[in-house]
Protein chains: 2
Amino acid sequence: MSKQGWGQGSGDQPPNQRAAKRRAVLEAGARLFNDQGYEQTSLEEIAAALSITKRTIYYYVDSKEDILFGCHQLGLEFLGETMQQAQDETLPVLDRVQLLIRGYCAWVSGDLGATIAMVREHSLSPERQAELRESKGRVDHQLRALIAQGIEEGVLRPCDPRLVTAAIFGALNWIPHWNRVASPVPQEEIAEQYLSLMMQGLMPDSQQA
Amino acid sequence: MSKQGWGQGSGDQPPNQRAAKRRAVLEAGARLFNDQGYEQTSLEEIAAALSITKRTIYYYVDSKEDILFGCHQLGLEFLGETMQQAQDETLPVLDRVQLLIRGYCAWVSGDLGATIAMVREHSLSPERQAELRESKGRVDHQLRALIAQGIEEGVLRPCDPRLVTAAIFGALNWIPHWNRVASPVPQEEIAEQYLSLMMQGLMPDSQQA
DNA sequence: CGGTAATTACACTCATGAGTTACATCATTC
DNA sequence: GAATGATGTAACTCATGAGTGTAATTACCG
């Protein structure tokens, strides 16, 4: 019946306990949403997963939708780091593409990242849907731009960057749909296989690695 | 207020009206499920889409779950035709792979096919979930086997058929997630781009088409 | 025309789950 | 040891939507 002890992932002191616990709620929510779907998950279940009361959850979030949106926000925050790295213009384009794909693969393999691939947007308010689409659009756009640049530079073969990007993110987004099992394929292994498929699929006939 | 006229896609005569109308219900359901999600779609909405009463829907199906499952069954029936074609052992392996991918792309671009990619399984009974997974497994297995064979024959480079298959179906399954818009990219165009990406990604350095 | 199949109208039951109310309790810290 | 923050208890409201019951109505077929 101990009352504390469900919120600290890193050793934060009391002032940040609140944030840590809110985050614990989001992560528990993400896990359940991914496993059972958003609509099929009740707040009682999230509470139970944390050995907490529904009432307590409302002490940290305003609504169920809040949890879902929080998952997305927090998740996209993490993805931001990967996007930053791939932004580095001193690196060769191909490296940047690989960086982005590898990072996205790792990201979508986690609970928060997977939420974007597993939960449809319909459950959010229109404004929040729009905000999300905005963010997703930025990631999409970054890969598209990289591929377009690669084509210009001649290190990638001519193709439609929009469709190729869709194919790549499709493959990546689908990972949590089949790999959330008892003994999942290690995320790094997936990344390697996907990368060799996609990189070779993108390069011109000349310069095969 | 005319009472007929919502069920005939092909010119079937009265004896098959029942089947045709049941199918109309399934297809209307599929469309709405794909657009708004299964849980977010009420039977009243499906009825409204057909200018029908909820009560009438229950004249053709037993439950909401029945509709969803019916979509899957009917959809998989269509996919079966594609799978048959790709079964033809007199064809070169690469052709069979292409046949399968092209067919799947067309299939997943339709309402019934898209349902598998858009609606999570949780809403079905465990038995039906199992049955579905069975069917999906067969498709998956077919592509895996083809790729494995291609590797053996040396027309494909060595790789993990399981992961490559996951990547390909992931890319394809994601199509309805972004292409269900006012003016979608023609399904054939997608297939071409995806095929050149994947085929080139799969072939050994030697024999580039 | 008469009978049967299809469809409507519509009121109803029932379960579920989000979010709330009001209060009690424990913990912490000054 | 009182004030404040955090959590529990438990009953409650409320909307939604699946599925049903029943009787009336319309279309169709022989």
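Order of the sequence lines fixes the chain letters, A, B, ..., with proteins taken first and strands second; residue numbering starts at 1 for each chain. Everything numeric here is computed off the predicted structure, so don't read it as measured data.
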Distance in angstrom units between [X] [atom1] and [N] [atom2], rounded:
| X | N | atom1 | atom2 | result |
| --- | --- | --- | --- | --- |
| W6(A) | dG8(D) | CH2 | C1' | 13 Å |
| L50(A) | dT7(D) | CG | P | 11 Å |
| R18(B) | dA6(C) | CZ | C1' | 9 Å |
| D66(A) | dT20(C) | CG | P | 11 Å |

Face-on cation placement of R18(B) at Y59(B) ring, 6.0 Å and 45° thresholds: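 R18(B) over Y59(B) ring: yes.
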Cation-pi check, K64(A) onto Y58(A) ring (under 6.0 Å, within 45° of axis):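 So K64(A) doesn't make the cation-pi contact.
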With Y104(A), the side-chain contact (heavy atoms from CB on, under 4.5 Å) member among V108(A), I101(A), L100(A):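 That would be V108(A); it is the only one of V108(A), I101(A), L100(A) passing the side-chain contact (heavy atoms from CB on, under 4.5 Å) with Y104(A).
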K21(B) side-chain proximity, nearest of dG5(D), dA6(C), dG8(D):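 For K21(B), the side-chain atoms sit closest to dA6(C).
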Whether E39(A) side chain and E39(B) backbone form a donor-acceptor pair below 3.5 Å: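 Such a contact is absent between E39(A) side chain and E39(B) backbone.
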Footprint string (nucleotides 12-22 of chain D, 5' to 3'): B base within contact, S backbone only, - free, heavy atoms under 4.0 Å: ------BBBBB
Heavy-atom side-chain proximity of H122(A) to D35(B) below 4.5 angstrom: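 A side-chain contact is absent here, since even the closest heavy-atom pair is not under 4.5 Å.
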Residue pair R120(B) / Q40(A), side-chain heavy-atom distance below 4.5 Å: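 No. Closest side-chain heavy atoms not under 4.5 Å.
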Under 4.0 Å from OP1 or OP2 of [N]: is there any side-chain N or O of [X] that close?
| X | N | result |
| --- | --- | --- |
| Y60(A) | dA6(D) | no |
| Y59(B) | dT7(C) | no |
| T56(B) | dT7(C) | no |

